[in-house]
2 protein chains.
Amino acid sequence: MPHPPKVNHSRGPKTVKMDPEHLLVAAERVFASEGLKGASIRAIAREAGCDPALIYYHFENKEAVFTTMLDRKFPPLVQELERLSDPADLRHTSERFWEALRTIHRHVGQDAGFRATVRGEMTRGAEGVQDTIAQRVRPLFQALLHLFQQGVQRGHIRPEFPQALGVFFFARLYLEILDTAPIMAQRIACIPVEQALPLAERSWFELYWRGISTRPEDPLPFLEKAKESRS
Amino acid sequence: MPHPPKVNHSRGPKTVKMDPEHLLVAAERVFASEGLKGASIRAIAREAGCDPALIYYHFENKEAVFTTMLDRKFPPLVQELERLSDPADLRHTSERFWEALRTIHRHVGQDAGFRATVRGEMTRGAEGVQDTIAQRVRPLFQALLHLFQQGVQRGHIRPEFPQALGVFFFARLYLEILDTAPIMAQRIACIPVEQALPLAERSWFELYWRGISTRPEDPLPFLEKAKESRS
DNA sequence: GTAAAATTTCAACAAATGTTGAATTAGGCC
DNA sequence: GGCCTAATTCAACATTTGTTGAAATTTTAC
């Protein structure tokens with residue numbers, strides 16, 4: 001992690017103030033590689049190019065940095081998924097789910113660090129941190145659950161499929177693909193990395209949709225379009 | 001992490017020798033909660049109830065502890081999956097895949113620590129550690145790929161589905177369910193934890209099979225039997 | 001211009017870490 | 001019993017960590 005050499009060591013504010021947002025970005029990078037607990041305040045300060053005490057000036061502690069980071073990332077994604085789950089949308093449920101997948105991709109697809117941190121803390125973080133994250137995941141889950149329920153009501157999705165699991169598989173397993181498909185492609189399956197993720201996304205969606213659909217053999221024309229617009 | 005009080009501080013060997021296996025078990029626990037990098041030698045020693053220097057007596061360094069741990073866990077699983085992928089097995093491919101899933105469950109289902117460590121190091125570990133793990137994952141991947149290919153040849157699996165991805169989805173996404181379904185059930189979906197995982201496994205397998213199958217609407221009788229033998 | 005507030009770093013302290021050589025001790029062999 | 005080997009801990013060293021109060025400096029308000 002290269003960081004700019006600190007040539008001005010005088011105390012007191014700089015003419016260019018250190019933006020707290022810059023601290024958040026630095027923290028996110030360190031959280032991603034070290035986890036929340038493993039991220040030292042000094043490592044974050046090094047990443048940001050400032051003194052560790054400045055972190056305490058702007059935030060109460062490391063957990064506060066993390067919570068602030070969550071609160072910048074989750075709400076826009078949740079809002080967009082809530083719009084997508086509006087019952088007035090009369091498109092086919094498969095198409096709406098595809099758009100939900102694209103939405104998730106747009107918000108967190110390039111954010112491996114954020115994804116890694118959230119998952120890491122959810123699976124092995126402190127109780128309080130899990131609570132903090134769960135509070136922010138629930139609205140997202142609810143929005144997708146509404147979408148799933150509309151699919152059942154419209155006869156697109158099999159009513160016997162457990163709804164909560166349908167939503168969990170859709171979102172969590174897609175995030176897992178984002179996290180692991182590139183590395184698996186590269187190291188185990190010897191697929192070129194640039195091709196692996198788009199193909200994996202389409203294949204995943206097709207598999208998922210066939211798995212829950214009342215009509216698994218119906219074509220998915222928007223998937224074919226997605227394939228063409230990529231090449 | 002409670003550990004027995006150390007009442008005998010004299011140097012020199014104890015009448016009951018510290019088994020290196022015991023060190024491995026302790027290390028596995030610490031790796032699981034702290035990651036490989038975050039697991040301190042002193043934490044491992046505390047977990048094992050010995051002095052940190054003893055770890056250096058038995059192993060070259062922390063990475064050697066980790067590699068030894070991998071080499072106890074992977075080969076039995078790989079061997080069993082290789083037996084399962086024997087072309088002489090004439091059962092339906094869906095049933096063989098179900099048995100593969102049960103096999104994975106038997107070997108690593110209770111081993112959240114091992115799973116977490118392997119995934120964690122694969123996604124964000126040092127280059128050398130990723131190599132170490134990839135070497136051990138490849139034979140497992142190959143065994144499942146053989147099984148998948150036989151499914152295609154026998155007309156059970158759609159030939160247009162990308163094979164490497166089919167295998168990747170089967171194994172990696174199942175492991176993700178093992179890692180995350182309990183916590184998601186508990187904290188987000190409010191499903192009782194004891195029910196969540198068996199239901200998730202069956203639902204996942206059904207979704208997966210329908211997704212890749214040439215005949216998605218065919219029933220899966222062994223799944224129904226699995227449900228009944230559970231209740 | 002002065003005082004107060006805001007911003008930033010230094011310095012210090014206590015605690016923790018990895019690793020090594022040396023000291024100690026139990027058991028086996030002659 | 002003496003010697004040797006194996007097993008285990010201690011002690012030391014250098015490095016890193018989290019956090020705080022104080023010093024220094026810039027900006028703002030009057």
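What you see is a predicted model; the values in this text were computed from it and never measured. Order of the sequence lines fixes the chain letters, A, B, ..., with proteins taken first and strands second; residue numbering starts at 1 for each chain.
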Figure out the CG/P separation between B/L54 and D/dA7, and round it to whole Å. 9 Å

Under the ring pair (Phe, Tyr, Trp, His ring centres under 6.0 Å) test, residues paired with B/F168 that sit two or more places apart: none

Residues that A/K62 engages under salt bridge (Lys or Arg N to Asp or Glu O under 4.0 Å), provided they are two or more places apart: none

Could you tell me which residues satisfy ring pair (Phe, Tyr, Trp, His ring centres under 6.0 Å) with B/Y208, sequence neighbours excluded, listed by chain and number? B/F170, B/W204

Whole-Å gap separating P (C/dT7) and CZ (A/F59): 13 Å

So that I can tick it off, tell me whether B/E28 and B/K73 are bridged by a salt bridge, with the cut-off set at under 4.0 angstrom between side-chain N and carboxylate O. yes

Could you list all the salt bridge (charged side-chain N to carboxylate O under 4.0 Å, His left out) pairs where at least one residue sits in residues 77-87 of chain A, not counting sequence neighbours? A/E80-A/R106

List in chain and number order the residues that pass ring pair (Phe, Tyr, Trp, His ring centres under 6.0 Å) with A/F114, two or more places apart in sequence or in another chain; answer none if no residue qualifies. A/F74

Side-chain touch B/I212/B/F169, heavy atoms, less than 4.5 angstrom: no

For the pair made of CD in B/E34 and P in D/dT17, what is the distance, rounded to whole Å? 16 Å

Is the shortest side-chain N/O distance from B/Y57 to OP1 or OP2 of D/dT8 below 4.0 Å? no

Under 3.5 Å, which N/O atoms of the protein pair with N/O atoms of nucleotides 25-30 of chain D?
from	atom 1	to	atom 2	distance (Å)
D/dT25	O4'	A/R11	O	3.1

Looking only at the side chain of B/R42 (C-beta and beyond, no hydrogens), which of the listed nucleotides C/dC10, C/dT8, C/dT17 gets closest? C/dT17

Separation of A/I44 atom CD1 from D/dT16 atom C1', in whole Å? 15 Å

Integer-rounded Å distance: D/dT8 P and B/I55 CD1: 12 Å

Any side-chain N or O of B/H58 less than 4.0 Å from the OP1 or OP2 oxygen of D/dT8? yes

Return the value, rounded to whole Å, for the distance between atom CG of B/D51 and atom P of C/dT24. 15 Å

From CD of A/E60 across to P of D/dT20 the rounded distance in Å is 10 Å

Rounding to an integer number of Å, can you tell me how far B/L36 CG sits from C/dG18 P? 12 Å

